[in-house]
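Quick caveat, the model's predicted, so the values are computed rather than measured.
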Amino acid sequence: MLYAITLKYGSDPEALGHHLGAHKIWLAEMIKKGNVIFAGPLQNKQGGFILAYADELTALEKEIHRDPFVTFGLVDVDILVVDPAVCSSAFPDVWATNAKKI
């Protein structure tokens, strides 16, 4: 399943900056495991977005709680299940099994 994850900053920028390096290390680990497809800050600078893949939501939630931003209560997390209906033909099948390839 694909998951759209929004991280909304709830802390002062100094606290976020203090944990940014550890957050990026966590993201890199999640990318290497195949759970994070992409991640980045929102243009409005009020949070970040992660597109993730996991077989089960509970497993993903466990991994999300390892993110230092989450562990230290610096962000509010919203996780939505995404069921792709259409996608690029270049998008890997494993992430969008039932989607129509265009």
Side-chain angles (χ1 to χ4, degrees):
M1 299 291 296
L2 287 179
Y3 299 91
I5 304 166
T6 305
L7 306 176
K8 183 179 178 187
Y9 301 151
S11 183
D12 65 279
E14 187 176 319
L16 288 166
H18 179 72
H19 295 284
L20 184 58
H23 170 71
K24 288 180 177 181
I25 290 169
W26 173 81
L27 282 170
E29 290 172 2
M30 293 295 289
I31 289 169
K32 289 175 184 174
K33 287 182 178 181
N35 292 112
V36 169
I37 298 168
F38 73 81
L42 297 175
Q43 193 172 23
N44 66 9
K45 301 188 188 303
Q46 294 181 4
F49 180 82
I50 300 169
L51 182 62
Y53 172 82
D55 291 329
E56 296 182 15
L57 177 58
T58 54
L60 181 62
E61 288 173 328
K62 186 176 180 179
E63 292 293 337
I64 297 258
H65 287 287
R66 292 182 46 248
D67 177 356
F69 280 6
V70 177
T71 301
F72 292 102
L74 305 177
V75 295
D76 292 322
V77 180
D78 185 35
I79 302 173
L80 297 172
V81 177
V82 179
D83 188 12
V86 295
C87 67
S88 164
S89 60
F91 201 72
D93 287 335
V94 68
W95 293 334
T97 308
N98 297 321
K100 179 181 177 184
K101 302 281 187 174
I102 297 175

Least distance between heavy atoms, T71 atom then H65 atom: OG1-O, 2.8 Å
Following the transitive rule for hydrophobic clusters with a side-chain heavy-atom cut-off under 4.5 Å over Ile, Leu, Val, Met, Phe, Trp and Tyr, establish whether L42 and I37 coincide in one cluster. yes
Determine whether Y3 and V81 make a side-chain contact, defined as any pair of heavy atoms from C-beta on separated by less than 4.5 Å. yes
Which atom of P41 lies closest to which atom of Y9, heavy atoms considered: CB-OH, 4.3 Å
Would you list the atom pairs, donor with acceptor, under 3.5 Å between side chains in residues 44-58 and any protein atom, with sequence neighbours excluded?
{"from": "N44", "atom 1": "OD1", "to": "Q46", "atom 2": "N", "distance (Å)": "2.9"}
{"from": "Y53", "atom 1": "OH", "to": "D55", "atom 2": "OD1", "distance (Å)": "3.2"}

Would you say F91 and F38 are hydrophobically clustered, going by side-chain heavy atoms of ILVMFWY under 4.5 Å? yes
I5 reachable from W95 in the ILVMFWY side-chain graph, under 4.5 Å edges: no
To the nearest 0.5 angstrom, please state how far the CD atom of E29 sits from the CG atom of D67. 10.5 Å
In this structure, would I31 and V70 fall into the same cluster of hydrophobic residues linked by side-chain contacts under 4.5 Å? yes
To the nearest 0.5 Å, atom CG of D76 lies from atom CZ of F69 at 13.0 Å
Examine distances only and state if a side-chain atom of T6 and a backbone atom of V77 form a donor-acceptor pair shorter than 3.5 Å. no
Is there a path from I79 to V75 through hydrophobic residues (I, L, V, M, F, W, Y) whose side chains come within less than 4.5 Å of each other? yes
Roughly how far, to the nearest 0.5 Å, is the OG1 atom of T97 from the CE atom of M1? 9.5 Å
Quick one: hydrophobic cluster around V86, which other residues, with the 4.5 Å side-chain cut-off, linked directly or via members? I102
Could you tell me whether the side chain of L20 reaches within less than 4.5 Å of the side chain of H23, counting heavy atoms only? yes
Spatial distance of atom CD (E61) from atom CZ (R66) [nearest 0.5 Å]: 15.0 Å
Would you say NZ of K8 has more than 12 non-hydrogen atoms from neighbouring residues, nucleotides or ligands within 6.0 angstrom? no
Report the distance from atom CG of D93 to atom NZ of K101, rounding to the nearest 0.5 Å. 4.0 Å
I need the L7 CG to I64 CD1 distance, nearest 0.5 Å. 7.0 Å
I need the minimum non-hydrogen distance between A39 and L27, along with the two atoms involved. CB-CD2, 3.8 Å
